[in-house]
Each structure stands twice: as C-alpha cells, then as structure tokens.
Amino acid sequence: MTRLSTRLSLTSFARASTWGVVLVGLVPARAFACAVCGGGNPANRFAFFASTIALSLLPLGLFAAGFLWLRARGASEFVERDAARPALVDPTSRDNGEPHPPPVPAA
Amino acid sequence: MASPELHVVHSPPRRGFTDHALFGMAVFVFTEIMLFAGFISAYVIVRNAVMPGLWPPPDQPRLPFERTGLNTAALLASGVLVWTAHRAASRRGPAAARLPLSLGLALGALFVVLQGAEWVSLLRQGLTLESSQVGSFFYLIIGTHALHAVCALGLLAWCWAGLVAGNFRPARFGAVQLLWYFVVLVWPVLWLVVYR
C-alpha cells in the first residue's frame, strides 16, 4: 500500500514537472536568462534569433541533401544491377536468378 | 564419386554508394561548414551589438572590401577552372585536364599570395589579433579560411603532380575537388559578411 502511494506521488510529481516544463517553454519571452539573447539593441536580438534559426536548420538541410544524394546514387545502382542481371544468366539453364539451394553431392 | 554440378549466377559486383575518399571528404566538409557557420554567427551577433558607426572603431583601419574583389574573382575563376578540368578528364581523358588544372592551381596560388599581401598591409596599419574585435574576428575567420585554402591548394598540387607524372587518380581528384569547391564557395560569403 505504501509502495502504491509512493508510486502515485511520483507519477503525479513527474506529470506536474512535465506540465511545468511545457508551460515555461511556451513563454520564452519571460525567461531572458541570457544577456546576449535578451539584452542589447533590436538589431543584436534579431541577429541572435536569425543565427539560432540558421544554425539549427543548416545541419538538418545538409543531412537531408546528403541523404537525397545517397538515395539517388543507390537507386541508380540498383537499376543498373537489375538491368544487367538477365543478360548474365545462362539462357540454356533453368536458372531464374533466384538464390540456389546448397548443392547436394551425387550419391 | 562424381563431382556435383554447380550453377553459378554471375551478378555485377557492388560498387557501393560512393567512393570512400569522396564520402570521407564530404563528412569533413560538413563539419567545416558548421565551423564557419558558427564563426559567422558569432561575428554577426557581436557586430550588431556595437553602436552604429563604431565598426570598425575609429582608430582601426577599414577592411579593403573593393580591393579584395580581385582576390575573390581569382578564387572563383580557379573554382571554375578546376571544374572544367574535371569535365575534361571525364570526357577526353586525363591529358585534357592538364591545362585547366594548371591554370586553376595558379589562380588559387594567386589568391593566397594576394591575401598574404593584404594581411601585411593591415598589420602595418595596426590591425592585429589583439587590437580590436574587428582584428580578432578578421584574423580568426579569414585566417581559418586561408589555412583551408593553403591545405586544399597543396592537395590540388598533389593531384596536378600525379596528372603530370601520368598517375592520375579520379577518386583522389574528386575528393580534393570537393574541398576546393568548399574553399571557393565559402569565400564570397566571408567576403560579403566580414569585409563589408
């Protein structure tokens, strides 16, 4: 019983903490803890804001560009491999390009 | 005992998504882009914190924006020539890349020499690393770029030497090209942000 009440109070505390963090996150203008982002002239504040946006989006953009580039290269490779496959299979055999079962020695 | 008859299906070898040298250089260039982005961010914030008309401070020289336009043109032309060398090598063979690569290398070296002359001039006018925030940012950001330019120029010279000796390696050249394009393309941004 004691353990159950302790667990409940911990859950309540975690829930209250989460809501608190969310509420603080919704009012960043009230939390000017940094002299750079909160102080200075309007041009300085805008420079800080724009730099934050740019530095946040730049790596994501680079990752996205790299991913798209690799995907395009990978797709072209698979197209080439699939196009080349039928020509390299012996037409006289019954091979259809599927993986073979392990060979069984003749008795 | 008869040997078993085995069917072998030949499939083309995997060539991988990209060349290892190129991929490694791409990862390196990614980190360098973030490094310069951080530099530019710090510079823009500090510059905007200064009262209008006080950047650079009255006792400090103004950065030669117009005169550095020549350096910028030389570096951009070098990038175009290296790209031309790449196209020539892939279409007509390595021998066709010799002239454009030589010219691109020469223009890259010209950029570094002109930058060095500009630094000497600014040092004589009193702009040092410790003289002001302008000097600190200038020598940090432009100096880091110059270091990259010198290293990339050395790698380009290595590729050029291989080309002349008949030992041209396209994979190596591709990776070095990527670094050189980074050096070329980040420069106009630095020129417009730091020098103006």
Side-chain angles (χ1 to χ4, degrees), chain A residues 34-37 39-63 65-67 69-90 92-107, chain B residues 1-20 22-55 133 137 141 171 174 178 181-182 185-186 189-190 192-194 196:
Chain A
C34 171
V36 176
C37 55
N41 56 48
N44 187 27
R45 282 204 296 275
F46 177 74
F48 184 83
F49 178 71
S51 297
T52 306
I53 297 287
L55 286 176
S56 302
L57 295 182
L58 185 60
L60 297 177
L62 289 170
F63 274 126
F67 173 74
W69 179 63
L70 284 176
R71 197 178 73 163
R73 285 183 71 91
S76 69
E77 180 193 347
F78 292 133
V79 167
E80 287 171 20
R81 285 168 63 83
D82 290 346
R85 184 179 288 256
L88 292 171
V89 175
D90 181 4
T92 61
S93 76
R94 290 186 298 172
D95 194 307
N96 58 1
E98 295 297 320
H100 289 269
V104 180
Chain B
M1 181 173 155
S3 61
E5 185 183 352
L6 299 177
H7 293 274
V8 178
V9 177
H10 297 284
S11 72
R14 287 185 65 87
R15 62 174 165 77
F17 285 118
T18 184
D19 178 70
H20 290 174
L22 184 65
F23 186 75
M25 186 61 82
V27 172
F28 176 69
V29 166
F30 172 85
T31 64
E32 297 301 292
I33 289 173
M34 293 312 299
L35 174 72
F36 278 94
F39 281 162
I40 291 171
S41 166
Y43 175 81
V44 168
I45 290 170
V46 170
R47 180 169 181 168
N48 280 286
V50 176
M51 298 300 286
L54 292 178
W55 188 277
Q133 284 184 322
F137 273 111
I141 298 175
L178 185 60
Y181 294 149
F182 165 71
L185 293 176
V186 82
V189 178
L190 299 181
L192 291 172
V193 171
V194 177
R196 271 214 302 210

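The model shown is predicted, which means the values in this text are computed figures rather than measured ones. Below, chain A is the first sequence line, B the second, and so on; all start at residue 1.
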Which atom names give the shortest non-hydrogen contact between [X] and [Y], and what distance separates them?
X: A47(A); Y: V44(B); value: CB-CG1, 3.7 Å
X: N41(A); Y: V50(B); value: ND2-O, 4.3 Å
X: G38(B); Y: L55(A); value: N-CD2, 4.0 Å
X: M34(B); Y: L62(A); value: SD-CD1, 4.4 Å

Contact check, side chains of P59(A) and F30(B), non-hydrogen atoms, under 4.5 Å |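 SC-SC contact between P59(A) and F30(B) confirmed.
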Do F23(B) and L70(A) have side-chain heavy atoms sitting under 4.5 Å apart?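 Sidechains of L70(A) and F23(B): in contact.
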Between N48(B) (side chain only) and F46(A) (backbone N and O only), is there a donor and an acceptor less than 3.5 Å apart?
no
Atom pair OG/CD1 of S41(B) and I53(A) - distance to nearest 0.5 Å: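 Going from OG on S41(B) over to CD1 on I53(A), the span is 11.5 Å.
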